[in-house]
Amino acid sequence: MSAEADTHLEQHSSSDTATCNSAKIVNALNVRQCIHNKEIKLREPANIGYYSLERAGVTTLKYNEDLSQLKYLYLPTEKKFCFDLTDGYSNQFECEHSVEGLSNLLKWVLNNKYKFEVANSNHSDKSLNTDFICFRGLLSLILNTPYERKEDWCIHAVKFNGTIYMLAKLTERRLREEENKSEYAQKASFGGYRFEEYVCTEKQNNPPRTQLIDGLNRNEFNVVFRSRLNSHSLVYGAEVDCIKPNGDPKKLDFVEIKTTKEFENKRQHDTFCRYKALKWWSQSYLAGIKTIVCGYRDDNFHVQRVDTYSANSLCNLGAEFWNSSVCLNFLDSFLTFVKKCVTKEDQNITYEFYWSPNSNEIVCKELMLQDAIIPQWFRDFFQ
C-alpha cells in the first residue's frame, strides 16, 4: 500500500485559500528543540474494530462493518515467476486522493460509541474520552519529520467535545508534484497497487485472480486502532493490505505490501535505508504490523524477487541514518503542541499546522474557516 493512500490527504479548497490572508499565527514549535532519543514506547496498538469499503475511484459505494474486503497473503509458490506491474496500466491512471476525509471513520465511531465509554468517568455522555482521532498516515508523517528532507506537510485540526480531530491536507508543493507527475512515477504508483493483486487473495489459500477485468481493485479494509503515547490517547484508522493465512481469526495478523526498485549499487541501498525503510517502519509500527512483504521491480516494472522484512529489521537497516526513539519523542512533542494550540471549540475556527523542510518551525495558524473535518451529522448526533 502506498503511504499516500493511507494518509487520506485532502486538497485545499478555494475557500481555504481565501481565508489564509486573515489567518492569525497562534504559536510555533521549534523542531530542533524536539530532537532527543530518550526511551519512549507507543502502547501496543489495540484493534478495536474494522470496516470495509467498496469503492469506485475515491468514491465509496458501500460501507460495511464486516470482513468483506479483507484479503489474505498468497506468496508465489513457483521458484521462477515474473509479475508485470504495468499489466493493465493506462496513462489515464491517477493515484487519486480521498475527498471523504474522516467521514467513514467517524461513521464507525458513532456505530461503536460504547467502546469509548469509561467506567466512573467524570466526562459527560458526549465525550469520547479520547485526545485525538485521525488516520495512521498522518501520525506517520509526523514520525518521519525529524529526518524528512523533501516533503512538506499541512494538517488541519478542530476540537469537539474535548477531542481533537486532525486531517492531512495536500500542500501546494504536493499539488504541483501531482500535476507534473512523470510517466515513470505514474507507473510506479500503479505498480504498487498492481503488486497487491498478485500477492493478495480474497479466499484463503486460493491463488489470486491476477487478470484485471474491471481495472484495479481499489476497495479497502480498514482497521480502527487505539493506542497511547505518554499522556496522549489516540484512536486512528488505517487501511491494511492483507493478513497471514491460517492464523487465529480473532487475532488478525496484518501484513504490509510494498514495492521498491532493485538495488544496483550501495548508494541506492543507502537511500532505501535512509528514507523508505523509515516510512515503512513508521506505517507498520503504528498498526502493530510485524511483517512487510516487498516486491523488487526492475527497470521494466517486472518483479521476479519477493522478500520479507520485519519491523525490527527495518530499524536495524536504518540504524546508521535514523533512530525510532527520536521519531516517537518528536510525535509526543507535536501532540503536546497541538493540545496547547487547539483550545477553542468553535465550528467556525480551524487550526492549521504547517511544516517545510526549509523551516525550523512548525507554525500553527487559527483560520476563520468553517469546520470541514467533522460532518454536520456527526455533530448533530451529540446535540
Side-chain angles (χ1 to χ4, degrees), residues 1-9 31 35 37 42 45 95 97-98 134-155 166 168-171 173-174 177-178 181 185 188-193 195-196 223 225 227 229 234 236-242 254-263 267-297 307-331 334 355-357:
M1 181 210 312
S2 69
E4 289 83 357
D6 189 51
T7 311
H8 292 75
L9 291 163
V31 172
I35 304 299
N37 62 353
L42 180 79
C95 185
H97 297 288
S98 172
C134 60
F135 285 111
R136 168 183 63 169
L138 181 149
L139 299 175
S140 182
L141 277 178
I142 308 305
L143 282 173
N144 298 338
T145 298
Y147 300 101
E148 182 57 59
R149 299 293 178 265
K150 178 183 176 184
E151 297 180 2
D152 61 348
W153 51 254
C154 177
I155 292 170
M166 299 189 295
K169 309 286 286 187
L170 273 174
T171 64
R173 188 201 66 81
R174 286 292 305 278
E177 189 178 84
E178 292 292 327
K181 210 168 190 178
S189 295
F190 177 89
Y193 289 106
F195 181 59
E196 291 180 28
V223 179
F225 293 97
S227 187
L229 183 65
L234 303 160
Y236 48 95
E239 180 188 354
V240 297
D241 297 326
C242 62
F254 302 116
V255 178
E256 193 77 26
I257 306 297
K258 298 292 188 182
T259 61
T260 194
K261 193 174 182 299
E262 284 277 12
F263 311 130
R267 181 183 61 81
Q268 290 181 356
H269 183 263
D270 285 351
T271 299
F272 168 84
C273 295
R274 183 188 296 270
Y275 298 111
K276 193 167 281 191
L278 170 59
K279 293 183 178 182
W280 291 7
W281 167 81
S282 63
Q283 273 192 299
S284 302
Y285 181 78
L286 287 165
I289 294 175
K290 305 294 191 295
T291 305
I292 301 94
V293 170
C294 175
Y296 292 90
R297 53 179 171 79
D307 203 357
T308 300
Y309 293 99
S310 68
N312 288 337
S313 69
L314 291 174
C315 281
N316 294 335
L317 282 172
E320 182 181 345
F321 307 104
W322 51 270
N323 184 309
S324 60
S325 291
V326 169
C327 300
L328 288 165
N329 278 292
F330 185 80
L331 175 59
F334 175 75
W355 175 80
S356 165

Hey, are the side chains of [X] and [Y] touching, using non-hydrogen atoms and a 4.5 Å cut-off?
X	Y	value
T291	T308	yes
I257	C242	yes
F135	Y236	no
L234	L42	yes
L143	L286	yes
E177	K150	yes

If you compare all heavy atoms of [X] against all heavy atoms of [Y], which two are closest, and at what distance to 0.1 Å?
X	Y	answer
L328	L229	O-CD2, 3.7 Å
C327	Y147	SG-CE1, 3.7 Å
I155	I142	CD1-CD1, 3.6 Å
V326	P146	CG1-CB, 3.9 Å
C273	W322	O-NE1, 2.9 Å
F225	P45	CD2-CB, 3.9 Å

> Can we say E178 and R173 salt-bridge, meaning some charged N sits less than 4.0 Å from an Asp/Glu carboxylate O?
Replying inline: no
>> For R136, is there an ion pair with E256 - N to carboxylate O distance below 4.0 angstrom?
In response: yes
> For the side chain of D307 and the backbone of C294, is there at least one donor-acceptor N/O pair under 3.5 Å apart?
Replying inline: no
How far does [atom1] of [X] sit from [atom2] of [Y], to the nearest 0.5 angstrom?
X	Y	atom1	atom2	value
E320	D270	CD	CG	6.0 Å
Y285	L139	OH	CG	12.0 Å
C154	K169	SG	NZ	7.5 Å

>> Working note: F195 + R297, criterion side chain to side chain contact (heavy atoms under 4.5 Å, CB included); need CA distance, chi angles, decisive distance, verdict.
In response: CA-CA 10 Å; F195 181 59; R297 53 179 171 79; over 6 Å; no
> Can S189 and K181 be said to form a side chain to side chain donor-acceptor pair (under 3.5 Å), step by step?
Replying inline: CA-CA 10 Å; S189 295; K181 210 168 190 178; 2.9 Å; yes
> Centres of the W153 and F334 rings: under 6.0 Å?
Replying inline: yes
>> Applying side chain to side chain donor-acceptor pair (under 3.5 Å) to S140 and K279, what does each step give before you reach the verdict?
In response: CA-CA 7 Å; S140 182; K279 293 183 178 182; over 6 Å; no
> Parallel, tilted or perpendicular: which fits the ring planes of W280 and F272, with parallel below 30° and perpendicular above 60°?
Replying inline: perpendicular
> Passes side chain to side chain contact (heavy atoms under 4.5 Å, CB included), L317 versus Y309? Steps please.
Replying inline: CA-CA 10 Å; L317 282 172; Y309 293 99; 3.5 Å; yes
> Which is it for S324 and W281 under the side chain to side chain contact (heavy atoms under 4.5 Å, CB included) test, yes or no, and what are the steps along the way?
Replying inline: CA-CA 9 Å; S324 60; W281 167 81; 3.4 Å; yes
>> What verdict does the side chain to side chain contact (heavy atoms under 4.5 Å, CB included) test give for Q283 and K258, after you've listed the backbone C-alpha separation in whole Å, the side-chain angles of each residue and the deciding distance to 0.1 Å?
In response: CA-CA 11 Å; Q283 273 192 299; K258 298 292 188 182; 2.5 Å; yes
